[in-house]
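Predicted, not measured: the structure shown is a model, and the values here were computed from it.
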Amino acid sequence: MKKGITIIVALSLLIASCTSSLKKEEENKTVFRYNEMSGISSLDPAAARSFENIWAVNQIFNGLVQMSDSLQVKPSIAKSWKISEDGLVYTFYLRRDVYFQDSELFPDKKGRRVVADDFVHSFFRLFDSKFSSATTLLSNIDRSEKSNYKGFTALDDSTFVIYLQRPFTPFLGILTMKYFSVVPIEVVEYYGDDFRSHPVGTGPFKLKMWEEGSKLVLVKNENYFENENGERLPYLDAISISFIKDKETSFLEFLKGNLDMVSGADEINKDEVFTKNGQLNERYADKFYVQTQPFLKTDYLGFLIDEKFNHVKNSPIKIKAIRQAINYGFDRVKMVKYLRANIGTPATAGFIPPGLPSFDDKKVKGYTYDPEIAKKYLSIAGYPAGKNLPEITLHTTEQYLELCEFIQSQLADIGIKLKIDVNKAAILSEAVASSEVNFFRKSWVADYPDAENFLSIFYSSNFSPMGFNYTHYKNSEYDNLYEKARYELNDTLRYKYYQEMDQLLMDDAPIVPLYYDQVVRLVHKNISGLSANPMNLLSLKKVKKSKV
């Protein structure tokens, strides 16, 4: 009995010692924690279409090039590159010290070196629309005999070449998108569709655990190739992503210190955190700091104006003057100030947002609040003071209901009756893409930092559902300018074309620009090295976390 008790006591002490040691080890780890309300659907870069996917994928994968916080294209796996004089051939020279993360599928389970042929396979798989969201970005690739009908070639292990059909200045910026990350073909082929949950990349972090809908954990890649001042990146030991769907609960977890950051004006309790003038409430000044940055994102209301649809043919919004009246009929300045705590800028200068070099509010004139001009356009449309004007339905989500109710109230003052239909985000997105609704709230975020990306969604060849022209806007002058701008190598002339297109959009009014958004993050004070950028790309490789 005594001997048995002694053994039990000894085992208990050993277990307690191990548990204590494990806890101590965990306490010494630096883990950056954030919440993703929308969840993550895939860790495959080929499906990196939504922000939540892009943020996670950016920690695991690298491409040829990367975007700096000042929107400059910088080397990544490619140490240098050259572009032919005619702008048709891009040649990239790869680093020789980049390795894929360790995997059971590699010899000795150790990550192998990245070679140019890996990029050939990685890019070529993007042509398959079954799992790739990047197919339209490859429309200018020259898949002729000179590239073995692929569009890409590996001249040797360290030289990768891309061929274009026509010159396209924004192309280098497009290559910074996470779609164009390098993946190991043998791992992709082994897992097939399940590569989404078994990612193997070259990035600063690698997947440790993913319980979908609950938690995702990434840990440091000890063999990552980048360094800062001679110190190997990343500094953090791990990243932990939770999937709390309720904004209030997520924000409470942040206040308790269980999250290191909350991001986005729509995920922050604005009334609690900010004063009416948009300043940080004094009670939080010693707890966390606010990061703000212009965001290449425009929020807008869109009109489906294609009269081949009966619900457009029978609606007053087919009349341009009605659309112009709506544009003049509400106060964007008041909306941003009181409903968004001054987060963002009223969109009064077109669709192209500030932060892009072609933005110019002196050359592109949009709409400001002017109820008298709005009434004038109602009369031009044949509905003086809104008399006999049928009710117009605006489709939105719960997240933007308050904003739409503000617009509804102000339009009522000039005689426009607005009905608001609230839908779930996924249902509304499908309805907009399939042209089932003719007035809807939407936003556009830059895929790459060039105004062409914003203006492309009004090019007539991009009609939904195949493209992103949800309004089915068609203007031959606009299309001609767009085609000229796409292949113009002179920046000054290209920006002039962009501004002319933006003004045509404002004049024809297939949309109602609302506001140009702003990156806003609340970050605890023990976090340093967290940069912000106009693309709102989350990069954690240089982040440090100190003890509280």
Decide yes or no for Leu301 and Lys442: does some side-chain heavy atom of the first lie under 4.5 Å from some side-chain heavy atom of the second?
-> no
Taking C-beta and beyond as the side chain, do Ile239 and Gln59 meet within less than 4.5 Å on heavy atoms?
-> yes
Verify whether one side chain among Lys545 and Asn526 offers a donor that lies under 3.5 Å from an acceptor in the other.
-> no
Sequence-distant partners of Tyr482, ring-ring contact (aromatic ring centres under 6.0 Å, His included), two or more places apart = Tyr459
Where the side chain of Asn462 meets the backbone of Phe458, is there a donor-acceptor pair that is under 3.5 Å apart?
-> no
Donor-acceptor pair, Asn221 side chain versus Lys206 backbone, under 3.5 Å?
-> no
Quick check: does any side chain N or O of Ser456 sit under 3.5 Å from a backbone N or O of Asn453, one acting as donor and the other as acceptor?
-> yes
Go through the side-chain N and O atoms of His524 and Asp260 and say whether any donor and acceptor fall under 3.5 Å apart.
-> no
On the ring face of Phe168, is Arg486 found with NZ or CZ under 6.0 Å from the centre and within 45° of the axis?
-> yes
Find out whether Phe180 and Leu126 are in side-chain contact, i.e. whether some heavy atom of one side chain is under 4.5 Å from a heavy atom of the other.
-> yes
With side chains defined as the heavy atoms from C-beta onward, is the minimum distance between Ile77 and Val182 less than 4.5 Å?
-> yes
Parallel, tilted or perpendicular for His198 and Tyr191, by the 30°/60° rule?
-> parallel
Any side-chain donor near an acceptor of the partner, Asn469 and Ser464, under 3.5 Å = no
Is the centre of the Tyr369 ring less than 6.0 Å from the centre of the Tyr328 ring?
-> no
Is it true that atom CG of Asp194 has more than 12 heavy atoms of other residues, nucleotides or ligands lying nearer than 6.0 Å?
-> yes
Mark yes or no for whether Asp44, through its side chain, and Ser197, through its backbone, hold a donor-acceptor pair below 3.5 Å.
-> no
Cut-off 3.5 Å, side chains only: do Asn227 and Asn229 have a donor facing an acceptor?
-> no
Does the side chain of Asp421 come under 3.5 Å of the side chain of Thr393 through a donor N or O and an acceptor N or O?
-> no
Shortest non-hydrogen pair, Thr397 vs Lys424, comes out as CG2-C, 4.2 Å
Using atom types as modelled and distance alone, determine if a side-chain donor or acceptor of Arg332 lies under 3.5 Å from a backbone N or O of Pro513.
-> yes
Scan side-chain atoms only and decide if Asn53 and Arg196 contain a donor-acceptor pair under the 3.5 Å cut-off.
-> no
Just say parallel, tilted or perpendicular for the rings of Phe119 and Phe123, cut-offs at 30° and 60°.
-> perpendicular
If we ignore angles and hydrogens, is there a donor and acceptor under 3.5 Å between the side chains of Asn62 and Ser181?
-> no
Salt-bridged, Arg95 to Asp97, with N to O below 4.0 Å?
-> yes
Output a table of donor-acceptor pairs, distance under 3.5 Å, between side-chain atoms of residues 357-367 and any protein atom two or more places apart or on a different chain; print 'none' if there are none.
| residue | atom | partner | partner atom | Å |
| --- | --- | --- | --- | --- |
| Asp360 | OD1 | Lys362 | N | 2.9 |
| Asp360 | OD1 | Lys363 | N | 3.3 |
| Lys365 | NZ | Asp361 | O | 3.1 |
| Tyr367 | OH | Met506 | O | 2.4 |

Arg521 and Asn536: side chain to side chain donor-acceptor pair (under 3.5 Å), yes or no, with the steps?
-> CA-CA 10 Å; Arg521 298 171 181 167; Asn536 196 20; 3.3 Å; yes
Would you check if there is a donor-acceptor pair between the side chains of Ser434 and Glu436 at a distance under 3.5 Å?
-> yes
Are side-chain heavy atoms of Tyr224 and Thr202 found at a separation under 4.5 Å?
-> no
Does one side chain, of Thr368 or Asp370, offer a donor that lies under 3.5 Å from an acceptor on the other?
-> no
Looking at CG of Leu252 and CG of Leu259, how far apart are the two atoms once the value is rounded to the nearest 0.5 Å?
-> 9.5 Å
Side chain to side chain, Thr471 and Phe303, heavy atoms closer than 4.5 Å | no
Test item: Gln291 side-chain N/O and Val520 main-chain N/O as donor-acceptor pair under 3.5 Å = no
Can you check whether Phe406's main-chain N or O pairs, donor with acceptor, with Ser409's side chain at less than 3.5 Å?
-> no
Going by atom types only, do Arg340 and Tyr515 share a side-chain donor-acceptor pair under 3.5 Å?
-> yes
Would you call Arg494 and Thr169 a side-chain contact if the rule is heavy atoms closer than 4.5 Å?
-> yes
Should Arg283 and Glu272 count as an ion pair when the cut-off is N to O under 4.0 Å?
-> yes
Ignoring hydrogens and angles, state whether a donor on the side chain of Asp450 or Tyr498 is under 3.5 Å from an acceptor on the partner side chain.
-> yes
Within residues 524-542 or reaching into it, pairs that qualify as salt bridge (Lys or Arg N to Asp or Glu O under 4.0 Å) - sequence neighbours excluded = Glu226-Lys541, Glu228-Lys542
Between Phe468 and Trp444, is the gap from one ring center to the other below 6.0 Å?
-> yes
Between CZ of Phe243 and CD of Glu36, what distance do you get to the nearest 0.5 Å?
-> 7.5 Å
So do the side chains of Val187 and Phe195 get within less than 4.5 Å of each other, counting heavy atoms only?
-> yes
Judged by atom type as modelled, is there a donor-acceptor pair below 3.5 Å linking the side chain of Ser250 to the main-chain atoms of Ile244?
-> no
